[in-house]
Peer 1: 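This structure is in structure tokens; I'll ask about it shortly.
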Amino acid sequence: MATKEAVLALMQDDEFNGLPQLVAMGAEAVPVLVAILRDPAAEPLMRQRAAVALGEIGAPAAAAAPALADALAHADPVQRILAVRALAKVAGAGATASLAPLLHDPDASVAKVAVQCLGAVGGAQAVAALAGVAESGPHDFVREQARDAVRKIEERLA
């Protein structure tokens, strides 16, 4: 089992060069990464990197998805963006219900990434959420991206 100290050591350098090693650890690193992500006392950069690592590992949805879903409500938009990306990778179409509210995030960057991720995971539920944003989303370019995402999902589903 990976220790918190070993995982944090891999996450410390400026370039996050330890990410490949964390990915190689796989499921062994997941509990430690989830604990870091959930720890409000952890440095923000470490929490962000924990979310990235969980997504790159493709952590088992049952282990990582609840912590990533909780991170979607974080005050920091960067943390929300990284959680959106990781949750989409981990849970696929199963993340749709958690990601849909972020389509209306006050931060346009968060909404944009939510559109991109929902467009990638696809499915009828994603189309319904994206269609609503395409019509009345709070940000012009997000509405345009939502229309494109709906079109691409519908083409894949056809």
Side-chain angles (χ1 to χ4, degrees), residues 10-11 15-34 36-38 44-158:
L10 292 171
M11 295 168 52
E15 302 299 320
F16 197 12
N17 290 319
L19 180 59
Q21 291 169 282
L22 285 171
V23 171
M25 286 178 160
E28 180 182 334
V30 171
V32 176
L33 292 166
V34 167
I36 292 167
L37 182 62
R38 288 187 178 275
L45 181 62
M46 295 302 106
R47 293 179 75 189
Q48 292 168 3
R49 288 181 172 183
V52 169
L54 288 167
E56 291 302 311
I57 290 170
L68 290 166
D70 288 348
L72 297 175
H74 196 277
D76 178 14
V78 173
Q79 184 69 51
R80 292 196 306 276
I81 287 169
L82 296 173
V84 166
R85 289 181 177 148
L87 187 58
K89 287 179 180 181
V90 167
T96 302
S98 295
L99 297 180
L102 283 106
L103 293 170
H104 301 282
D105 196 279
D107 187 290
S109 297
V110 175
K112 175 185 170 188
V113 171
V115 166
Q116 292 168 343
C117 289
L118 283 170
V121 300
Q125 230 184 349
V127 169
L130 289 164
V133 170
E135 292 301 316
S136 62
H139 314 286
D140 291 340
F141 71 96
V142 173
R143 285 193 302 272
E144 184 177 323
Q145 284 194 330
R147 285 190 288 275
D148 289 343
V150 167
R151 186 173 49 257
K152 289 176 184 174
I153 294 170
E154 288 175 340
E155 287 172 2
R156 284 195 316 257
L157 295 176

Peer 1: Going by the rule side-chain contact (heavy atoms from CB on, under 4.5 Å), which residues pair with I153 if we only count those two or more places apart in sequence or in a different chain?
Peer 2: A126, V127, L130, R156, L157

Peer 1: Provide the closest heavy-atom pair for V110 versus P77 in the form atom of the first, atom of the second, distance.
Peer 2: CG2-O, 3.7 Å

Peer 1: Could you work out, with side-chain hydrogen bond (donor to acceptor under 3.5 Å, both in side chains) as the rule, every residue matching R80, not counting sequence neighbours?
Peer 2: D105

Peer 1: List the residues meeting side-chain hydrogen bond (donor to acceptor under 3.5 Å, both in side chains) with K112, not counting sequence neighbours, and say none if there are none.
Peer 2: none

Peer 1: Can you pull out every side-chain hydrogen bond (donor to acceptor under 3.5 Å, both in side chains) where at least one residue sits in residues 122-134? Sequence neighbours excluded, please.
Peer 2: none

Peer 1: What's the spacing between R85 CZ and L82 CG if we round to 0.5 Å?
Peer 2: 6.5 Å

Peer 1: Could you tell me which non-hydrogen atom of V84 sits nearest to which non-hydrogen atom of C117, and how far apart they are?
Peer 2: CG1-SG, 3.8 Å

Peer 1: Would you mind listing every salt bridge (charged side-chain N to carboxylate O under 4.0 Å, His left out) that reaches into residues 18-28, with sequence neighbours excluded?
Peer 2: none

Peer 1: Could you go through L10 and M25, starting from their C-alpha distance and side-chain angles, then the distance that decides it, and tell me whether this counts as side-chain contact (heavy atoms from CB on, under 4.5 Å)?
Peer 2: CA-CA 11 Å; L10 292 171; M25 286 178 160; 3.9 Å; yes

Peer 1: How long is the span from the CD1 atom in I57 to the CG atom in L33, to the nearest 0.5 Å?
Peer 2: 5.0 Å

Peer 1: How far apart are the closest heavy atoms of P101 and S98, and which atoms are they?
Peer 2: CD-O, 3.4 Å

Peer 1: Restricting to pairs with a member in residues 126-145, which pass salt bridge (charged side-chain N to carboxylate O under 4.0 Å, His left out), not counting sequence neighbours?
Peer 2: D140-R143

Peer 1: Decide yes or no for V133 and R147: does some side-chain heavy atom of the first lie under 4.5 Å from some side-chain heavy atom of the second?
Peer 2: no

Peer 1: Which pairs count as salt bridge (charged side-chain N to carboxylate O under 4.0 Å, His left out) when at least one residue sits in residues 49-73, sequence neighbours excluded?
Peer 2: R38-D70, E56-K89

Peer 1: Quick one: list whatever passes side-chain hydrogen bond (donor to acceptor under 3.5 Å, both in side chains) with D107, sequence neighbours left out.
Peer 2: none

Peer 1: With sequence neighbours excluded, tell me which residues meet side-chain contact (heavy atoms from CB on, under 4.5 Å) with A83.
Peer 2: A71, L72

Peer 1: Identify the heavy atoms of A114 and L99 that sit nearest to each other, and give their distance.
Peer 2: CB-O, 4.2 Å

Peer 1: Which heavy atom of L54 sits nearest a heavy atom of A64, and at what distance?
Peer 2: CD2-CB, 4.1 Å

Peer 1: Nearest 0.5 Å, what's the CZ-CG distance between F16 and L22?
Peer 2: 5.5 Å

Peer 1: Taking side-chain hydrogen bond (donor to acceptor under 3.5 Å, both in side chains) as the definition, give me every residue that meets it alongside H74, ordered by chain and number, with sequence neighbours left out.
Peer 2: R47

Peer 1: Counting N and O atoms only, with roles assigned by atom type, does the side chain of T96 sit under 3.5 Å from a partner on the main chain of A93, one being a donor and the other an acceptor?
Peer 2: yes

Peer 1: For the residue pair P44 and Q79, establish whether any side-chain heavy-atom pair is separated by less than 4.5 Å.
Peer 2: no

Peer 1: Using side-chain contact (heavy atoms from CB on, under 4.5 Å), reason through D76 and Q48 one step at a time and then give a plain yes or no.
Peer 2: CA-CA 10 Å; D76 178 14; Q48 292 168 3; 3.0 Å; yes

Peer 1: Output every pair passing salt bridge (charged side-chain N to carboxylate O under 4.0 Å, His left out) with a member in residues 122-134, not counting sequence neighbours, ordered by first then second residue.
Peer 2: none

Peer 1: Using 0.5 Å steps for rounding, measure from the CG atom of L37 to the CE atom of M46.
Peer 2: 12.5 Å

Peer 1: Quick one, V142 and L103 - any side-chain contact, counting heavy atoms below 4.5 Å?
Peer 2: no

Peer 1: Among residues at least two apart in sequence or on other chains, which ones pass side-chain contact (heavy atoms from CB on, under 4.5 Å) with A128?
Peer 2: none

